[in-house]
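Here the structure is a predicted model, which is why all the values come from computation and not from measurement.
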Amino acid sequence: DILENDDEEAKKILFFSLINSLKNNGYLHKYIDISWIKDILNKVEFIEDIYEKADIINFLLSVIYKNEFEIKDKDMENLFHLYLNVLKSGYSVEDDIISTLSLFLNLGISLETIFTECMKVYHNDECIHLFSKLPFRFEVGEYDEEFVFLIKQHKKMMTRFDLVLHFYLITSFDYAE
């Protein structure tokens, strides 16, 4: 009855409820097939809320990756550009950005493309911080030598900070009790 009704708000609520149910229930992932993915890929563009759009893109990418679905390069590039628009609109949940960019990399978007496009969205210091958290390495020669050096330095500093914090917590009197 909801789908036959002209109430667009009810249809949106139903759509997001179904997506959230799928995201939160791994058991249901086995019922997702490539035709459903393609259908949802066509709908992502029309989602207005950047947080919902980013969340659905991340979910779709993880399902595509886990199930090893074959997606046309053109569709993957379109999805990547939709995600870039989300980033340009101010989406800033760092862990989700890192996860989503990593999935794009695993699904065939080149590191060079991701790097180049993110440089258009973020300032240098934001890019350095972001790329130092991504699980891949930059090699000098492919990118600006100074920029690669800064990414590696930032990554080392974060690792050292994490180690010092971990040691402090382990030796802290309050933590030991």
Side-chain angles (χ1 to χ4, degrees), residues 8-26 28-29 32 34 36-67 69 71-138 142-144 147-148 150-155 157-159 161-162:
E8 291 301 315
E9 190 61 30
K11 289 178 185 178
K12 276 187 195 177
I13 291 169
L14 178 61
F15 174 77
F16 288 116
S17 295
L18 291 171
I19 293 290
N20 285 327
S21 292
L22 282 170
K23 282 188 327 198
N24 298 324
N25 190 338
L28 295 175
H29 289 188
I32 296 174
I34 191 67
W36 185 85
I37 292 287
K38 288 179 181 179
D39 187 42
I40 298 300
L41 285 174
N42 293 327
K43 290 177 175 49
V44 170
E45 182 176 351
F46 302 105
I47 298 169
E48 294 171 9
D49 183 271
I50 62 170
Y51 292 92
E52 289 175 347
K53 187 180 284 190
D55 195 35
I56 289 173
I57 290 172
N58 183 285
F59 169 68
L60 290 173
L61 291 172
S62 64
V63 169
I64 292 167
Y65 182 70
K66 287 177 188 173
N67 292 323
F69 288 139
I71 301 294
K72 294 178 188 172
D73 291 341
K74 182 182 137 237
D75 290 336
M76 191 58 64
E77 289 171 12
N78 288 341
L79 192 58
F80 179 65
H81 288 289
L82 283 174
Y83 190 70
L84 286 172
N85 289 335
V86 167
L87 296 179
K88 289 175 186 174
S89 297
Y91 184 74
S92 60
V93 181
E94 186 177 287
D95 290 342
D96 291 344
I97 294 170
I98 291 166
S99 169
T100 303
L101 291 178
S102 297
L103 285 165
F104 274 119
L105 182 67
N106 290 332
L107 290 168
I109 301 294
S110 72
L111 179 58
E112 181 179 351
T113 300
I114 291 172
F115 178 77
T116 304
E117 294 300 324
C118 284
M119 286 297 290
K120 294 176 185 176
V121 175
Y122 297 109
H123 299 294
N124 280 352
D125 56 338
E126 293 170 315
C127 264
I128 290 168
H129 180 72
L130 179 66
F131 281 95
S132 66
K133 291 189 167 211
L134 288 170
F136 46 82
R137 297 175 2 152
F138 285 91
E142 297 176 25
Y143 305 95
D144 179 70
F147 198 78
V148 171
L150 292 172
I151 290 172
K152 289 180 179 181
Q153 285 299 107
H154 191 72
K155 193 176 262 192
M157 287 174 48
M158 288 185 341
T159 303
F161 176 77
D162 288 346

Residues Asp39 and Lys43 bridged, charged N to O under 4.0 Å: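 The answer is yes: the pair qualifies as a salt bridge.
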
Does a side-chain N-to-carboxylate-O contact under 4.0 Å join Glu117 and Lys120?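 Yes.
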
About how many Å separate [atom2] of [Y] and [atom1] of [X], when rounded to the nearest 0.5 Å?
{"X": "Ser99", "Y": "Glu94", "atom1": "OG", "atom2": "CD", "value": "12.5 Å"}
{"X": "Leu60", "Y": "Ile64", "atom1": "CG", "atom2": "CD1", "value": "6.0 Å"}
{"X": "Thr100", "Y": "Leu87", "atom1": "OG1", "atom2": "CG", "value": "8.5 Å"}
{"X": "Leu103", "Y": "Tyr65", "atom1": "CG", "atom2": "OH", "value": "8.0 Å"}
{"X": "Lys12", "Y": "Glu52", "atom1": "NZ", "atom2": "CD", "value": "8.5 Å"}
{"X": "Leu82", "Y": "Leu41", "atom1": "CG", "atom2": "CG", "value": "9.0 Å"}

If you define the side chain from C-beta out and look only at heavy atoms, does anything of [X] sit under 4.5 Å from [Y]?
{"X": "Asn58", "Y": "Tyr83", "result": "no"}
{"X": "Phe104", "Y": "Ile57", "result": "yes"}
{"X": "Leu107", "Y": "Ile71", "result": "no"}
{"X": "Met76", "Y": "Leu61", "result": "yes"}
{"X": "Leu101", "Y": "Phe115", "result": "no"}
{"X": "Asn67", "Y": "Ile37", "result": "no"}

Ignoring hydrogens and angles, tell me if any N or O in the side chain of [X] forms a donor-acceptor pair with the backbone of [Y] under 3.5 Å.
{"X": "Lys53", "Y": "Ile47", "answer": "yes"}
{"X": "Ser62", "Y": "Phe59", "answer": "yes"}
{"X": "Asp49", "Y": "Tyr51", "answer": "yes"}

Can Ser110 and Thr113 be counted as having a side-chain donor-acceptor contact under 3.5 angstrom?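 Short answer, yes.
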
Are Asp96 and Tyr91 close enough that a side-chain donor and a side-chain acceptor fall under 3.5 Å?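 Asp96 vs Tyr91: donor-acceptor pair found between side chains.
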
Smallest separation among heavy atoms of Ile50 and Ser89, with atom names: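 Distance-wise, the nearest heavy atoms are CG2-CB, 3.6 Å.
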
Please find the pair of heavy atoms, one from Asn20 and one from Lys23, that lie closest to each other, and give the distance.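 Closest heavy-atom pair between Asn20 and Lys23: OD1-NZ, 2.8 Å.
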
Asn25, CG: over 12 other non-hydrogen atoms inside 6.0 angstrom: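 Atom CG in Asn25 is packed in, count exceeds 12.
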
